[in-house]
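A short worksheet on the structure shown next.
Worth saying up front: this structure is predicted, and the values here are computed from it rather than measured. Because only heavy atoms are used, hydrogens play no part in the values below, and waters and symmetry mates are left out as well, while side chains stay in.
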Amino acid sequence: MAEALQRHTMVTASATGWAAAMSRNPALASEPIIEGWARAGRPLVVRRPACNDLAGMIPLGLPLPPSHGKRRIAVALVPGELITHAPPPLLADAATSAPASWRQTIDLLVRLLPETRTFGSLAWQHLTGLPYLSDGSDLDLLWPLSSARHANTLPSDIARIAETAPMRLDGEIVYHAGGVQWRELTGADEDEVLVKGAAGVHVTMRAAFLAGGAS
């Protein structure tokens, strides 16, 4: 399972998994919100590996809401300690948790690419019911490309929506090689872009990324 889980994948851990995580890191058990998180079966998110993560463990994160300092708690579990995994929520589904002032922009984004998914504050508020969004929150998005059909027009289409959006649009266009911050893809074909994948980051040319190349 470890190879199959990409960044931003949402997972839930078994009771045994949470107990093991707290045994490996006793400081987790002293955090009431984390104990409640585990008891409620709330999700974790797959992150990029850190240098101190052990081989064979799945690197996960738990971003706490602003009321708890917006801290990011690192957790690592073995594959057998997970019970579910799924992509982050569709933007269309999470829209019900968004501020009213965001709805028009969200409608435009969903019409542009219905498969658009969201992570960050909106996703966590939608998935947990806890207050993550504030007046200064970004809208964090993943635009998945299954072919080159939208590759050349999608960055400029996003830019047009961003011009009038009441919030900052952040996130990545995701293709075979990984994800690239969408603003990087509004440049020229010869521009280098930073590609974020499951194992790390690498640099490639904009045209190569949009053509589906891995390097």
Side-chain angles (χ1 to χ4, degrees), residues 1-25 28 33-34 37-65 70-94 113-128 130 132 138-147 170-182 193-204 209 212-215:
M1 179 187 288
E3 291 79 11
L5 297 183
Q6 300 298 313
R7 285 170 48 251
H8 303 301
T9 298
M10 310 301 299
V11 307
T12 54
S14 65
T16 301
W18 276 112
M22 291 181 182
S23 175
R24 289 188 289 263
N25 184 359
L28 293 178
I33 189 172
I34 295 177
W37 198 280
R39 188 173 62 251
R42 291 179 177 138
L44 299 163
V45 63
V46 176
R47 57 176 170 83
R48 285 199 302 273
C51 58
N52 59 344
D53 286 322
L54 299 177
M57 306 285 282
I58 298 177
L60 303 167
L62 193 171
L64 297 180
K70 296 184 70 173
R71 288 183 297 140
R72 296 178 179 272
I73 307 297
V75 180
L77 299 174
V78 299
E81 292 168 346
L82 305 183
I83 53 177
T84 69
H85 61 90
L90 288 166
L91 178 59
D93 293 338
L113 190 67
E115 298 83 8
T116 300
R117 294 186 179 273
T118 185
F119 64 102
S121 297
L122 176 60
W124 287 102
Q125 183 155 308
H126 175 68
L127 291 169
T128 68
L130 299 174
Y132 277 82
D138 295 346
L139 177 55
D140 301 298
L141 301 171
L142 298 172
W143 292 272
L145 291 175
S146 57
S147 72
D170 202 359
E172 301 169 10
I173 293 176
V174 183
Y175 212 7
H176 303 309
V180 173
Q181 214 283 341
W182 74 267
V193 296
L194 189 67
V195 184
K196 299 177 182 179
V201 300
H202 69 275
V203 174
T204 191
F209 175 80
S215 63

- Query: Judged by atom type as modelled, is there a donor-acceptor pair below 3.5 Å linking the side chain of Arg7 to the main-chain atoms of Arg47?
  - Reply: no
- Leu91 vs Leu122, side-chain contact (heavy atoms from CB on, under 4.5 Å): CA-CA, chis, key distance, verdict: CA-CA 9 Å; Leu91 178 59; Leu122 176 60; 4.0 Å; yes
- Item | Side chains of Val11 and Val45 in contact at under 4.5 Å (non-hydrogen atoms) | no
- Task: Answer yes or no: is there a side-chain heavy-atom contact under 4.5 Å between Ile33 and Leu64?
- Result: yes
- Item | Point-to-point distance, once rounded to the nearest 0.5 Å, from CG of Leu139 to CG of Asp170 | 9.0 Å
- Residue pair Val46 / Leu60, side-chain heavy-atom distance below 4.5 Å: yes
- Heavy-atom side-chain proximity of Leu77 to Leu82 below 4.5 angstrom: yes
- Query: Using 30° and 60° as the class limits, which term best fits the ring planes of Trp37 and Trp124: parallel, tilted or perpendicular?
  - Reply: tilted
- Does the Arg117 side chain pair with the main chain of Pro88, one donor and one acceptor, at a distance under 3.5 Å? yes
- Query: So how far is it from Thr84 OG1 to Met10 CE, rounded to the nearest 0.5 Å?
  - Reply: 9.5 Å
- Taking atom NE2 of His126 and atom CZ of Phe119, what is their separation to the nearest 0.5 Å? 15.5 Å
- Heavy-atom closest pair, residues Gly56 and Pro79: O-CD, 3.5 Å
- Message: Before you tell me yes or no, could you show the steps for Val201 and Lys196 under side-chain contact (heavy atoms from CB on, under 4.5 Å), namely the whole-Å CA-CA distance, both residues' side-chain angles and the distance that decides it to 0.1 Å?
- Response: CA-CA 4 Å; Val201 300; Lys196 299 177 182 179; 3.8 Å; yes
- Query: Nearest heavy-atom pair of Leu113 and Pro144: which atoms, and what distance?
  - Reply: CD2-O, 3.5 Å
- Can you label the angle between the Trp143 ring and the Trp182 ring as parallel, tilted or perpendicular, going by 30° and 60°? perpendicular
- Does the side chain of Tyr175 come within less than 4.5 Å of Val180's, by heavy atoms? no
- Test Ile34 against Ile73 for side-chain contact (heavy atoms from CB on, under 4.5 Å), laying out the working first. CA-CA 9 Å; Ile34 295 177; Ile73 307 297; 4.0 Å; yes
- Query: Stepwise, does the side-chain contact (heavy atoms from CB on, under 4.5 Å) test hold for His202 with Leu194?
  - Reply: CA-CA 6 Å; His202 69 275; Leu194 189 67; over 6 Å; no
- Message: Could you check whether any side-chain heavy atom of Met22 comes within less than 4.5 Å of a side-chain heavy atom of Leu28, counting everything from C-beta outward?
- Response: yes
- Kindly say whether Asp140 contributes a backbone atom to a donor-acceptor pair with the side chain of Thr118 at under 3.5 angstrom? yes
- Nearest-0.5 Å distance, CD1 of residue Ile58 to CD of residue Glu81: 9.0 Å
- Would a 4.5 Å heavy-atom cut-off, applied to side chains only, mark Val193 and Gln181 as touching? no
- Message: Please determine whether the number of non-hydrogen atoms from other residues, nucleotides or ligands lying under 6.0 Å from atom CZ of Arg24 exceeds 12.
- Response: yes
- Answer yes or no: is there a donor N or O on one side and an acceptor on the other, between the side chain of Gln125 and the main chain of Tyr132, under 3.5 Å? yes
- What distance do Thr9 atom OG1 and Leu44 atom CG have between them, rounded to the nearest 0.5 Å? 12.0 Å
- Message: Quick check: do His8 and Leu142 have side-chain heavy atoms less than 4.5 Å from each other?
- Response: yes
- Item | Inter-residue atom distance Ser121.OG - Leu130.CG, 0.5 Å rounding | 12.0 Å
